[in-house]
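Take a look at the structure below.
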Amino acid sequence: MEYNFAEIEQRWQRYWAENKIFKVDTDTSLPKFYVLDMFPYPSGAGLHVGHPLGYIASDIYSRYKRLKGFNVLHPMGYDAFGLPAEQYAIQTGQHPALTTQKNIERYREQMDKIGFSYDWNREVRTCNPDYYKWTQWAFLEMFHSYYCYDEQQARPISELEEVFVRQGVGGLNAACTEKLDFSAADWKAMTELEKQEVLMNYRIAYIGETSVNWCPALGTVLANDEVKDGFSERGGHPVEQRKMKQWQLRVSAYSERLLHGLEALQWSDSLKEMQRNWIGRSEGAEMIFKVSNGCEDHDMSIFTTRADTVFGATFMVLAPESEWVEKLTTPPQKEAVEAYLLEAKKKTERERMTEAHKITGVFSGSHALNPFTKEWIPVWVSEYVLAGYGTGAIMGVPAHDSRDYVFAKHFNLSIVPLIEGCDVSCESFDAKEGTMCNSGFLNGMSVKEAIPAAMDEVERLGIGQRKVNYRLRDAIFSRQRYWGEPFPIYYKEGMAMPMPQEALPLVLPEVDKYLPTETGEPPLGRAKDWNHQGYPIEKSTMPGFAGSSAYYLRYMDPHNPNALVGREANDYWRDVDLYIGGAEHATGHLIYSRFWNKFLFDRGYVCEDEPFKQLVNQGMIQGRSNFVYRMTGANTFVSLNLKDKYETTELHVDVHIVHNDRLDIEAFKAWRPEFATAEFILEDGEYICGWAVEKMSKSMHNVVNPDKICADYGADTLRMYEMFLGPLVQAKPWDTNGIDGVHRFLKKVWRLFFVQEQFGLSQETPSAQELKALHKLIKKIESDIEQFSFNTSVSAFMIFVNEMMDLKCRKQAILEPFLILLSPFAPHISEELWHLLGRTPSISRASYPVYNEEYTVERTFEYPVSVNGKLRFKKELPLGISQEEIQQAVLADSQLEKYLGGALVKKVVAVPGRIVNVVC
RNA sequence: GCUCGGGUGGUGGAAUAGGUAGACACGCAGGACUUAAAAUCCUGUGGGCAGCAAUGCCUGUACGGGUUCGAUUCCCGUCCCGAGCACCA
């Protein structure tokens, strides 16, 4: 009987679906395990072979955990709101909901062919009102909350109102946009509008003026992680900086917890490092400098991590956007400063980046008093200082900061070295090492001692305090787009008002066009009756990360009409045990999700502080392109190794008409009309194509579709081959060339269960050798899966099957456990053979075979004996004997003499169970 | 510039509490079966040298050093590749 994968796979996929084999329910009698894939954005192009890599890995893990007796939650859904569907809608007029629906159907069809064990009953779609009701709900919860630093958690905003009534802001330690100062009496005297403005300063979801990444081509703002090198991540349009009033999430309040929480997580070091960099904690001090513009004095604070270098501060620099610029510009400098500000403002983000090392700046006219040297130093304005970090002002220490150094050199400011023996004639000395000099009371200290000593002194003198700064900014939450969640906010007498929870979901309204209005309002400005009790509703929508921030919680309880996730379901499923997805979400989704979860945790809606215990980043699968070489000016193609003899142009050729880098010439002629009459210069009668690893894309003709692989080889082959390709976490090119090996393996597995076309296994007692092979495999597969080393598992299966072939082993006692081991990798063929064995129900209900060490124990060991490091012969000795016994046995061996060449033995190193080395 | 990974045959990749480098697979070469092809199976396959031969010897994990009886693995330096961050004071 042939291995008819097409029939087998179709049959079992249907069986699994019809019998709801992978439906899962809360079951407190079983341990839970939650395996999650990052849900896809359903694009119009469909899946290519790279997309399912992580899904296959998570499916193997899920199936393995089921065999191990866990109740496994393994869901899938769609991140369905987003820009591409909207862009497509603008071009074609088709409703994004329609195209999204179509794309989802296509995705589902493709995924179904691969035989995943998802519980589709729990599917979520972020664009579904039943789902985004809870996205809006979470937003309202954030609106109604503030962050208390003393308690290190989010609390209801109503508490804050009570505090204000009682004592004003005195003693309050809460996250805020700007520090306010008012008493209880002041609070009581405020109008309702003023009170709301004060509260907005503390809300976790708040509206406020901020500098944003504005993308004119897309007509919307973008988050920092949506901008790459000054261009929008989606579409590659230029991005500029603008001040705008936007909804924001106070993610920065969680900086410390987001950083600290990383420690306990089983994430890769590189990913944790990326998040640490993004959060960007730095310890330093805020220091107050007296500044004078000649008429009046002010106290201005700066942030520094190098308080020890204050004796070398020979100038100050303000960010162009700093509010100090206006106060400190003196009349004679006014014109120059204004010209500079205008120039800086005109630049886009992109220009700022490309001109990053161009040194610009202008003198303000004012001076600051260095509190330690008591010298008056000039105050400058320059773009290299960022308004959004620290206080937007710095002290310039050119000797020990490379940016200050180039600035000082350019404008001829003085440079004072502070470390003994350092040479600052060509560059600054940035390292935190050496002995201090020219630094008053710090002289003679090492830098490491001087940093805290300087900060102590600053605090003692009352001219500043220690301060921790974070790079992490609040997340900008408004998008001027159509295809996203509407904000449940309306505006009444200038105040942003929350809608009541009963009004949710606030359903996205219909519009006639998906473009901004003529007056520049977002597309929702076109919606009819877009108001709440006659008051206008917010016209922005939420960004992509809104819907993806809590979807893993919804899977736990997807149909609950009363809560995002019910208490009972959440208490059982708790958090994601294993999360598999791409590293590109390191500073986006994975930060926002952690923030969102921590917020819900603070407010008591979920029971775990961190959402994703273990995270694995699968490597991207790149394309492997093929090339043909056309002779310039002719329709003649030259084979790879002859091309250097001619003048040729390289052309991408469809990888589907190339096999093992040999071009199928007939298919090539049929591929494009202009090649129908092509001529070829062959080598050894064949046309050899060149190849290269590139991104998988249509234009490179290297896109391989999983449907085609499933049709040609079957899903089991696809699954195993994707795993065999290399380590899961590593980026690697797709190369269909090697797939035959895996396919051959599955055919061998099939044949192993048949004797002369008849299915049949014997009930014979297995031999010691067979048992040993099986139990080694049981152990190997288990440890490989636990470590995500799926590629070596596939090899182990191949070795095992080859050995059983050699032994002609057809014994059920061996092959039945083998089938169970194989089933997570190749579920269809395993299921088929399982049923042919008369076993029922599905193999996914079986138990993972128990490893028995007895069968794999070795009693003797062939010791490699080397003389002076060179392997010479092998000596078989019992295991478990002492080092001395091994030495004696080897020295007594007659073979040793001929390798010693008469020399005396100086030393014998024997490692039990490893090796013997004789030194002479 | 800073941080983190990584450099092993023609190819994808195995092997690190330091212990026979190249498992497994692709490709290639040769062979068996077949009228033939496909499929399947068997043998060989890092490089070099010697031999009719079984075989033997040398060399080999980016490069240069070090530690060690022994280094792909540990340490120092250099080069190269990939990823992330980038005026974050």
Side-chain angles (χ1 to χ4, degrees), chain A residues 2 229 268-278 280-282 284 302-307 309 313 317 319 352-353 355-359 382-386 388-397 400-404 406-407 430 469-473 583-584 586-587 617 619-620 624 660-662 691 720-721 724-727 729-745 747-748 751 789 791-800 802 805 862-874 906-911 913-920:
Chain A
E2 276 285 291
D229 299 327
S268 70
D269 290 340
S270 67
L271 201 86
K272 285 189 188 180
E273 196 60 29
M274 269 192 239
Q275 290 217 341
R276 285 194 195 106
N277 289 340
W278 193 259
R281 183 183 201 270
S282 62
I302 57 103
F303 176 73
T304 180
T305 53
R306 293 292 303 272
T309 62
V317 189
R352 269 197 167 199
M353 296 192 68
E355 296 172 7
H357 297 286
K358 213 166 160 186
I359 302 145
S382 174
E383 277 184 302
Y384 87 89
V385 175
L386 305 177
Y389 187 79
T391 62
I394 61 151
M395 64 177 190
V397 186
H400 301 290
D401 183 289
S402 52
R403 296 155 302 185
D404 296 343
V406 290
F407 190 77
D430 291 17
N469 248 314
Y470 299 91
R471 215 177 64 104
L472 185 68
R473 309 289 160 83
E584 66 273 20
T587 52
N617 291 122
M620 222 217 303
R624 187 181 189 277
N660 289 326
D661 295 333
R662 267 54 169 185
W691 64 273
M720 289 199 91
Y721 185 56
F724 187 62
L725 223 43
V729 296
Q730 186 180 302
K732 54 218 169 247
W734 175 267
D735 181 0
T736 310
N737 285 342
I739 201 165
D740 288 324
V742 169
H743 193 58
R744 247 169 241 160
F745 159 76
K747 282 196 275 193
K748 268 189 212 171
R751 264 185 285 127
S789 181
N791 55 330
T792 52
S793 304
V794 178
S795 296
F797 281 125
M798 289 176 174
I799 294 167
F800 177 82
N802 283 338
M805 282 284 194
E862 271 201 336
Y863 281 89
V865 179
S866 57
V867 177
N868 286 340
K870 286 256 180 293
L871 177 75
R872 293 305 181 183
F873 63 96
K874 287 180 188 169
K906 279 189 201 150
K907 191 175 174 184
V908 180
V909 185
V911 186
R914 296 253 179 200
I915 200 163
V916 182
N917 195 9
V918 180
V919 185
C920 65

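Order of the sequence lines sets the chain letters (A, B, ...), proteins ahead of strands, with each chain counted from 1.
Of the residues in residues 733-744 of chain A, A:N737, A:G738, A:G741, A:R744 come within less than 4.0 Å of RNA chain B through at least one heavy atom, sorted by number.
The A:V911 side chain lies nearest to B:G19 when the options are B:C87, B:C41, B:G19. Side-chain proximity of A:N791 to the nucleotides B:G13, B:A86, B:A89 is greatest for B:G13. Of the candidates B:G13, B:G70, B:A89, B:A89 carries the atom nearest the A:T304 side chain, counting heavy atoms from C-beta on.
Looking at residues two or more places apart in sequence or on another chain, you find a salt bridge (charged side-chain N to carboxylate O under 4.0 Å, His left out) between A:R281 and A:E256, A:E283.
To the nearest 0.5 Å, atoms CG (A:L271) and OG1 (A:T587) are separated by 9.0 Å.
For the P atoms, the distance from B:C63 to B:A71 is 15 Å, rounded to whole Å. Remark: the separation of the P atoms in B:C76 and B:C57 is 37 Å, to the nearest Å. The gap from the C1' atom of B:G44 to that of B:G5 amounts to 38 Å, rounded to the nearest Å. The C1' atoms of B:U20 and B:A14 are separated by 15 Å, rounded to the nearest whole Å.
Look at B:U45: its Watson-Crick or wobble partner, with both distances under 3.5 angstrom, is B:G27.
Between A:Y384 and B:A89, a side-chain N or O to OP1/OP2 separation shorter than 4.0 Å is absent. Listed pair A:K874 / B:U20 fails the phosphate criterion, with no side-chain N or O lying under 4.0 Å from OP1 or OP2. At least one side-chain nitrogen or oxygen of A:S282 sits closer than 4.0 Å to the OP1 or OP2 atom of B:A89.
The side-chain contact (heavy atoms from CB on, under 4.5 Å) test with A:D404 singles out one residue from A:D430, A:I394, A:T309, and that residue is A:I394.
Annotated as anti: B:G64, whose glycosidic dihedral deviates from 0 by more than 90°.
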